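Worth saying up front: this structure is predicted, and the values here are computed from it rather than measured.
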There are 2 protein chains.
Amino acid sequence: MNERAGPSPKEDGDQPIVFIVDDDASMRRALTNLFESVGLKVEAFGSAPQLLQTKPPEVPSCLVLDIRLPGTSGLELQTDLAKANIHTPIIFITGHGDIPMTVRAMKSGAIDFLTKPVRDQEILDAVQAAIERDRKRRDLYKTVSDVRSRFESLTSRERDVLSLVTSGLMNKQVAAQLGLAEITVKIYRGQIMRKMGAKSLADLVRMSEALGIRPSKPDVQT
Amino acid sequence: MNERAGPSPKEDGDQPIVFIVDDDASMRRALTNLFESVGLKVEAFGSAPQLLQTKPPEVPSCLVLDIRLPGTSGLELQTDLAKANIHTPIIFITGHGDIPMTVRAMKSGAIDFLTKPVRDQEILDAVQAAIERDRKRRDLYKTVSDVRSRFESLTSRERDVLSLVTSGLMNKQVAAQLGLAEITVKIYRGQIMRKMGAKSLADLVRMSEALGIRPSKPDVQT
DNA sequence: GTACGGGACAAACCTAGGTATAGCTCGTCT
DNA sequence: AGACGAGCTATACCTAGGTTTGTCCCGTAC
């Protein structure tokens, strides 16, 4: 069913995966067939703990959850995943949901909440949108965590200088604030540019924005 | 009921307003009393067109909408407001809502969706959260639109230079790309700094980020 | 103890950024 | 026609940014 023919090193490069969690085996089968019919990889589980035992996916993916699951409910699973810092987009499916449930799920970031019977096109669209969102989220995350790891390679003094420089101060002002000589700041600044991989001050400013190193305000003078 | 005593110039400085749209007069009264009891200003309407006739508020505010309204439904009103570029947070109240309605409302940005009977504390919390969100939205909007109006005072050449400078190019590189002399770029650059009210290149980069003037990527070299 | 890395600084040197003054063309508004 | 603003440039001058080479102190890991 799933066309994985053993340890083939290529092939699953960026192939998205749909995870299904539903206690109803016939539902799992139906959804699996549906998703595979449009070329998506699928992994299906009967309960929340089974899903949690697998390692978080490294490719764009989404979850299709029945809200009523034995043991951990779909909503609890959503909370647990959020706590575990796993932000795979979730699509809920429900037979007997109510409005407060829906609101809670949507407020917690669910991308859709479908009621049974689910039309094929409806859930395919939802899955497509969810995977697209996850792809974007992953792209952003990759960029930011790359910058963060560079930032962590800075010494504490270099970080001091970074934050003052990106806040717009001149070298001499940075030096004054840190009680250093201007030449020292210049040297640190060069080291920062190299370690951060920034080609220009503009790059550095953007990186520090991404890291959340804010000075005060998008400072404007009248 | 509404304690506005004529044209008093002070008093409504940043006083938030709750707008209510509900065709049930007794419900309007109950909600109005509830909100006023905690010191909130209230304006209540019986239908969507009545609300649309008033000018968009200039203070943090939120909407409390019954989803079933005569004529334009709550959901349609939400869409209309979005089209009119009015992004006041919306709290829906419903007696007989269903899940697809809820999902649609939440996907379109509603902050909450409550079912009757509504507990007092529940809706007060929702209103508080909505007003807080609107306050933040307004703050951000004010900052960005200030920057945008400065940007609009730039000549087209100045804008060219701005985008290349904030993308990290040196003056001579900007000059080469635009077919100008370096000195010309320097002079435009100075004019840009003055017109934009930027105290430093870092400021200018942040402003261009806020304006969505992106070069390509948070450019990193390995 | 010594080797190593962080932190700090200096002299010398070069490039980049930025201002003031002045002068030119071109199109448009009056 | 004349004034005006955008666009463009030059000379001259000054400040800010940035690298290289070399030196010193200190704490810690081996």
Asker: So, are A:D134 and A:R137 salt-bridged, with charged N and O less than 4.0 Å apart?
Answerer: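 So A:D134 pairs with A:R137 through a salt bridge.
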Asker: Please check this pair: side chain of A:E36 against backbone of A:V42, looking for a donor-acceptor N/O pair closer than 3.5 Å.
Answerer: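 No: the side chain of A:E36 does not pair with the backbone of A:V42.
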Asker: Between the protein and nucleotides 19-27 of chain C, are there any N/O to N/O pairs under 3.5 Å, and if so, what are the atom names and distances?
Answerer:
none

Asker: Between A:L180 (CG) and C:dA10 (C1'), how many Å, whole number?
Answerer: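 The distance from CG of A:L180 to C1' of C:dA10 comes to 14 Å, rounded to the nearest Å.
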Asker: What's B:T184 touching, base or sugar-phosphate or nothing? Going by heavy atoms closer than 4.0 Å.
Answerer: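 Base, at least one base atom sits under 4.0 Å.
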Asker: Taking B:G46's backbone N and O only, do any of them form a donor-acceptor pair with B:Q50's side chain (distance below 3.5 Å, no angle check)?
Answerer: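 Such a contact is found between B:Q50 side chain and B:G46 backbone.
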Asker: Let me know the distance between CD of A:E182 and P of C:dC9, rounded to the nearest Å.
Answerer: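 Atom-to-atom, A:E182 to C:dC9, this comes out as 12 Å.
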Asker: Counting N and O atoms only, with roles assigned by atom type, does the side chain of B:R159 sit under 3.5 Å from a partner on the main chain of B:E152, one being a donor and the other an acceptor?
Answerer: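 Indeed, once roles are kept as given, a pair shorter than 3.5 Å links the two residues.
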Asker: Report the distance from atom CG of A:L178 to atom C1' of C:dG7, rounded to the nearest whole Å.
Answerer: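 Rounding to the nearest Å, CG of A:L178 and C1' of C:dG7 are 12 Å apart.
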Asker: Looking at B:L31, B:I20, B:D22, which one forms a side chain to side chain contact (heavy atoms under 4.5 Å, CB included) with B:I93?
Answerer: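 It is B:L31; the other options fail the test.
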Asker: 5' to 3' on DNA chain D, which nucleotides open and close the contacts with chain B (atom under 4.0 Å from a heavy atom)?
Answerer: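 That gives a stretch of D:dA6 to D:dT11.
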Asker: Answer yes when A:D146 and A:K142 have at least one side-chain N-carboxylate O distance shorter than 4.0 Å, and no when they do not.
Answerer: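 So A:D146 does not pair with A:K142 through a salt bridge.
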Asker: Within this structure, what is the CG-CG distance for the pair A:L180 and A:N171, rounded to the nearest 0.5 Å?
Answerer: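 It comes to 11.0 Å.
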